[in-house]
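Remember, it's a predicted structure, so these values are computed and weren't measured experimentally. Position 1 is the first residue of the sequence, and the numbers go up from there. Start at 1 and go down the list; that is how both ligands and their atoms are numbered.
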Amino acid sequence: MNDMTKIERDVRMTDTKITARDVNVFYGDTHAIKDVNVDIADKSVTAFIGPSGCGKSTFLRCLNRMNDTIDVCRVTGHIKMDDQDINDKSIDPVQLRAQVGMVFQKPNPFPKSIYDNVAYGPKIHGLARTKADMDNIVEASLRRAAIWNEVKDRLDAPGTGLSGGQQQRLCIARAVATAPEVLLMDEPCSALDPIATAQIEELIDELRQQFSVVIVTHSMQQAARVSQKTAFFHLGNLVEFNDTDQIFTNPQDPRTESYITGRIG
Ligand code: ADP
């Protein structure tokens, strides 16, 4: 990636990684997502914003089929990643979730060592042939998540003993360890203090060099700081999707304007 010229990077930024068409989501009778169409760019950060309950997390969970795990949830429409329909019968959802990693609101390391938290995914997906291979994956993942220097001398210590911000970076290391192409983040900073939040935001900006990142956030300031594209959801509709600076400086829909100026939500 570092060998690429700026022009090559800019061209790649416009590549589409995920295409969603006519996506609807129902929880029993609740129609939570209504006819959503969106293209998610590669090597770029896309933010989902909107008032609580508007469907941001629900739509995010469509992108790695996490909604499959909710009994009452039904998803219709088409979602393609690199032209492959992710809901096709041939797709193994466990494999898909290795390709489309996820980081949650509350850091949730396994009750295992720091090393084993990161090694878990590569182990179940058979990504390391030898102990040395695994050591390399663990180190590279912890480096990518900007936490290697803080934990390299205590890889055998429990992940749950780290601070909240460190735990969240450990969870990011765990997500990147399976060599995903997309990283989904569902309010990844909402349980963190301002310093840990700033570290994660800086990390997100680095991660976009390698991944397509999609972040749900209730913070408009955070969306403005970290994302290149922003999608505004309201009552299950994707009201507006555009370059982040356009959404915040020149919104086209009155509902977007009301939200960003603090009149709704
Ligand atoms: P947001 O992330 O924007 O706060 P959600 O995606 O969590 O919104 O919720 C969208 C709608 O779907 C809400 O009406 C919410 O109550 C409903 N919902 C979310 N999760 C579930 C669930 N597991 N079961 C039933 N309804 C749900």
Check: Based purely on interatomic distance, does Ile70 place a nitrogen or oxygen under 3.5 Å from a nitrogen or oxygen of ligand 1?
Finding: no
If we number the atoms of ligand 1 from 1 as shown, the ones under 4.0 Å from a heavy atom of Ser52 are 4 (O)
Rounding to 0.5 Å, atoms CG (Asp186) and CG (Leu60) come to a distance of 5.5 Å
For atom 7 (O) of ligand 1, the closest protein heavy atom turns out to be Ser57 CB, 4.1 Å
- Message: Quiz question: by atom type and distance under 3.5 Å, do the side chains of His78 and Asp22 form a donor-acceptor pair?
- Response: no
If you scan protein heavy atoms around atom 8 (O) of ligand 1, the nearest is Gly55 N, 3.2 Å
ask   = Is the number of heavy atoms from other residues, nucleotides or ligands within 6.0 Å of CG (Asp88) greater than 12?
value = yes
Return a yes/no value: protein heavy atom under 4.0 Å from atom 25 (C) of ligand 1?
yes
I'd like to know if Asp39 and Arg21 make a salt bridge, using a cut-off of under 4.0 Å between side-chain N and carboxylate O. yes
closest protein heavy atom to atom 1 (P) of ligand 1 is Gly53 N, 3.5 Å
Filtering Phe26, Phe233, Tyr27 for the heavy atom nearest atom 17 (C) of ligand 1 leaves Tyr27
If the threshold is 4.0 Å, N to carboxylate O, is there a salt bridge linking Arg65 and Asp68?
yes
Polar atom proximity, Val72 to ligand 1 (N or O, under 3.5 Å)
no
Per-atom filter on ligand 1: closer than 4.0 angstrom to a heavy atom of Ala32 are 11 (C), 12 (O)
Would you sort out whether Thr217 and Gln222 count as a side chain to side chain donor-acceptor pair (under 3.5 Å), showing the intermediate values? CA-CA 7 Å; Thr217 176; Gln222 180 165 73; 2.9 Å; yes
Quick note on ligand 1: atoms under 4.0 Å from a heavy atom of Thr58 include exactly 5 (P), 6 (O), 9 (O), 10 (C)
Only residue of Arg169, Arg208, Arg225 satisfying salt bridge (Lys or Arg N to Asp or Glu O under 4.0 Å) with Glu201 is Arg225
When you compare ligand 1 with Thr30, is there at least one nitrogen or oxygen pair between them that comes in under 3.5 angstrom?
no
| Any idea how Phe59 and Phe48 line up, ring-wise: parallel (<30°), tilted (30 to 60°), or perpendicular (>60°)? | tilted
